[in-house]
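What follows is a set of notes on a single structure, which appears directly below.
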Amino acid sequence: MIFICVVQYLLYGPFLAKFIHSMYWKESMEDIWCLHILVLCSLRGLVHQLWSTFSNMLYLNSTRRVSYEGIDYDQIDNEWDWDNFLILQAVVGSFVYLNFPSLANLPVWDVRGLISCLILHIGISEPLFYWMHRLLHSSYLFPLYHWHHHESKITHPFTAGHGTFLEHLLLCVVIGIPTLGTAFIGYGSISVMYSYILAFDFLRCMGHSNVEIIPHSLYQRVPLLRYVIYCPTYHSLHHQEMKTNFCLFMPLYDMLGNTLNTASWSLHKEISSRTSTDERAPDFVFLAHIVDIMSSMHAPLLFRSFSSVPFSTRLFLLPMWPFAFVVVLTMWLKSKTFLFSFYNIRGRLNQTWIVPRAGFQYFLPFAAEGINKLIEEAILRADRIGVKVISLAALNKARKTFKVKDWDINESLNGGGTLFVNKHPNLRVRVVHGNTLTAAVILNEIPRDVNEVFLTGATSKLGRAIALYLARRRVRVLMLTKSTERFMKIQREATVECQKYLVQVTNCKEAKQCKTWIIGKWSTPREQSWAPSGTHFYQFVVPPIIPFRRDCTYGKLAAMRLPKDVTGLGTCEYTMGRGIVHACHAGGLVHLLEGWTHHEVGAIDVDQIDVVWEAALKHGLKPLYNSS
């Protein structure tokens, strides 16, 4: 789909080629109109993209959203090629220029043209669009030509460009009357062409933004203004009910046509007057973080379509890497945890909040205090607004492992959330690290006939739980650690008859006969080279290891598929597929759905692994892989 989306832009190639040919091989710039079409299409695309960015800045506009429902994958797919209308209108524009060559010689500015264009818009384009729109809603034309646009129940700036071929041809007429009409009466100018078309797109995007930006006080001070310019609330009502509010930009014509929704102004007042105290508190929060600079651009506020598919590095991201790096560093200087995305399940609102720190910052010793402060502030905020469960993602609760000479050194960031629970014993929000379900997912992926595994990150919270559980299953666990003290401490937790299944190893060479590797810390190409051919690498390390071995297979991070009754989900969680979340996210969700009132922090209770796994399955979460 992304490949097709890129290929379609090759249709702009002839315009660029014709302009270059005119510039270098002709004496005059007679084909300058090709450049104007290219520039105008680029600016129009930018207008839509900027509005999309604003619409998806949930941390800025969540209180002013007209509809609290989220946009799901189906709507994103339907609107994937929202900008095809720009190509169509570029082709139509080229035919107009070729038939009326004088349009290529318009002056830069003519104030009379601006007035004429406005008169033609109000007097012809507005009523023409109104009546065409009403006809498109007739029982005969709607299912043929207009249903496509109304597939989108939750409006978005890209919804403005989502329509049938006929609709876009009709819009060409609506746009052409003021712009070409002004030129034909002798008052046309390049400025009028640009300003009218860009203002047209700006207002269309605003009406479809699903974010109310026009204050009610403005309509109160200037009552007539509500009939001159519509607002996002006004047009969203049209998408919800489809029998009223047909106007292009001016509700005046709905009033004259007796199709103005009487609830428009009261609803606008209610939405535009909301404050943060009026906003619904989420039931569950997944507290995530930025993994790396490149994946920081995998966000709906930047590229909605791209964020709806699993993250992978793509060429179009490379030129933007320096900018993204500067933004991440800027957030380091001054930023707070912010709302990133949301979805609903069984009447519960679930949100993802982002700690504005990238993965590399978690491994800087001097940054730990600042990161913990951000996490603590997020937990206290969640507690204050009434969140029931907050789940900590990956590095927000992880035990960092790094090397000093030949020794593995472990340093806990916050003890898997223990720091916050101990510091604030009266928390109403339940703090969950989700590692119990993460361990359960990994363990249930390992085939039952496996009798030996090699485990790195063996003394971490997850490594310990996995080792102890597998020992109960009579699986021999080669635990990679240089610390005999930590190994012995874990081994003593096992029953006497199971202790023999836990074996300390100090390097990867000792696992050269083992074909099941569980990776809990970063593994270099040299370390991976000791694995025999046919080895499968399970992993719970963030970020995932690079698959260097072509003769081996690599599992993804522990994850589960969300239940089918999830609604409003339109983003992918890092490299996870659609509708799939990391196991620590799923673990917090299970905690919520089960109604458990305890915190899940610190060391994993091995006895609870099967309990949490069964609870996840009971509530409709599904494993991605079945053990054999």
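For clarity, every value in this text was computed on a predicted model and none was experimentally measured.
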* Checking side chain to side chain contact (heavy atoms under 4.5 Å, CB included) for the pair N344/E69: CA distance, chi angles, key distance, verdict? -> CA-CA 8 Å; N344 291 277; E69 296 297 316; 4.2 Å; yes

* Side chain Q361, main chain A367, donor-acceptor under 3.5 Å -> no

* **Candidate pair V606 and I609, rule side chain to side chain contact (heavy atoms under 4.5 Å, CB included), full reasoning** => CA-CA 5 Å; V606 181; I609 290 177; 4.2 Å; yes

* Asked: Can you tell me if Y362 and N396 form a side-chain donor-acceptor pair at under 3.5 Å?
  -> yes

* **Polar side-chain atom of Q49 near backbone of L302 as donor-acceptor pair, under 3.5 Å** => yes

* To do: Examine distances only and state if a side-chain atom of N372 and a backbone atom of E369 form a donor-acceptor pair shorter than 3.5 Å.
  => no

* Asked: Which residue, L470, L478, L468, V475, forms the side chain to side chain contact (heavy atoms under 4.5 Å, CB included) with L502?
  -> L468

* Would a distance-only check, ignoring hydrogens and angles, find a side-chain to backbone donor-acceptor pair under 3.5 Å from E452 to R476? -> no

* Going through the distances and angles, do E377 and T337 end up as a side chain to side chain contact (heavy atoms under 4.5 Å, CB included)? -> CA-CA 8 Å; E377 289 174 350; T337 301; over 6 Å; no

* Is it true that F284 and H585 have ring centroids separated by less than 6.0 Å? -> yes

* Does the distance from a Lys or Arg side-chain N to an Asp or Glu carboxylate O, for E614 and K618, drop under 4.0 Å? -> no

* Could you check K489 against E485 for salt bridge (Lys or Arg N to Asp or Glu O under 4.0 Å), going step by step and ending with a plain yes or no? => CA-CA 6 Å; K489 183 179 179 181; E485 179 186 354; over 6 Å; no

* Structure fact -> CD (Q539) and OH (Y554) are apart, to the nearest 0.5 Å, by 9.0 Å

* **Whether over 12 other heavy atoms sit under 6.0 Å from F323 CZ** => no

* To do: If the plane angle is over 60° it's perpendicular, under 30° parallel, otherwise tilted; pick one for W517 and F537.
  => perpendicular

* Nearest 0.5 Å please: distance from the CE atom of M488 over to the CD atom of Q499. => 7.5 Å

* Checking T330 side chain against V326 main chain: does a donor-acceptor pair fall under 3.5 Å? -> yes

* Out of curiosity, W613 CH2 to L443 CG, how far, rounded to the nearest 0.5 Å? -> 9.5 Å

* Does CH2 belonging to W530 count more than 12 external heavy atoms closer than 6.0 Å? -> no

* Does R430 reach the main-chain N or O of H598 with its side chain, forming a donor-acceptor pair under 3.5 Å? -> no

* Return yes if some donor-acceptor pair links the side-chain N/O of S52 with the main-chain N/O of P157 below 3.5 Å, else return no. => no

* **Atom of I604, atom of K461 and distance for their closest heavy-atom approach** => CD1-O, 3.6 Å

* Salt bridge check: are E493 and R464 linked by an N-O gap of less than 4.0 Å? -> yes

* Between OH of Y574 and NE2 of H582, what distance do you get to the nearest 0.5 Å? -> 8.0 Å

* Asked: More than 12 heavy atoms of other residues, nucleotides or ligands under 6.0 Å from CD of E497: is that the case?
  -> yes

* **Distance, nearest 0.5 Å, that separates CZ of F158 from CD of Q75** => 11.5 Å

* Asked: Should the pair D72-K153 be classified as a salt bridge under the 4.0 Å nitrogen-to-oxygen rule?
  -> no

* Tell me yes or no: between the side chains of T481 and S483, is some donor less than 3.5 Å from an acceptor? => no

* To do: Indicate whether the side chain of D610 and that of Y469 have a donor and an acceptor atom separated by less than 3.5 Å.
  => yes

* Asked: Does N56 offer a backbone N or O that forms a donor-acceptor pair with the side chain of R304 under 3.5 Å?
  -> no

* **Short side-chain to backbone donor-acceptor contact, S62 and Y59, under 3.5 Å** => no

* When you check the side-chain N and O atoms of T233 and E212, is any donor under 3.5 Å from an acceptor? -> yes

* To do: Spell out, as yes or no, whether a donor-acceptor pair under 3.5 Å connects the side chain of R274 to the backbone of R65.
  => yes

* To do: Please say which of R348, Q351, R346, K388 ends up in a side-chain hydrogen bond (donor to acceptor under 3.5 Å, both in side chains) with D283.
  => K388

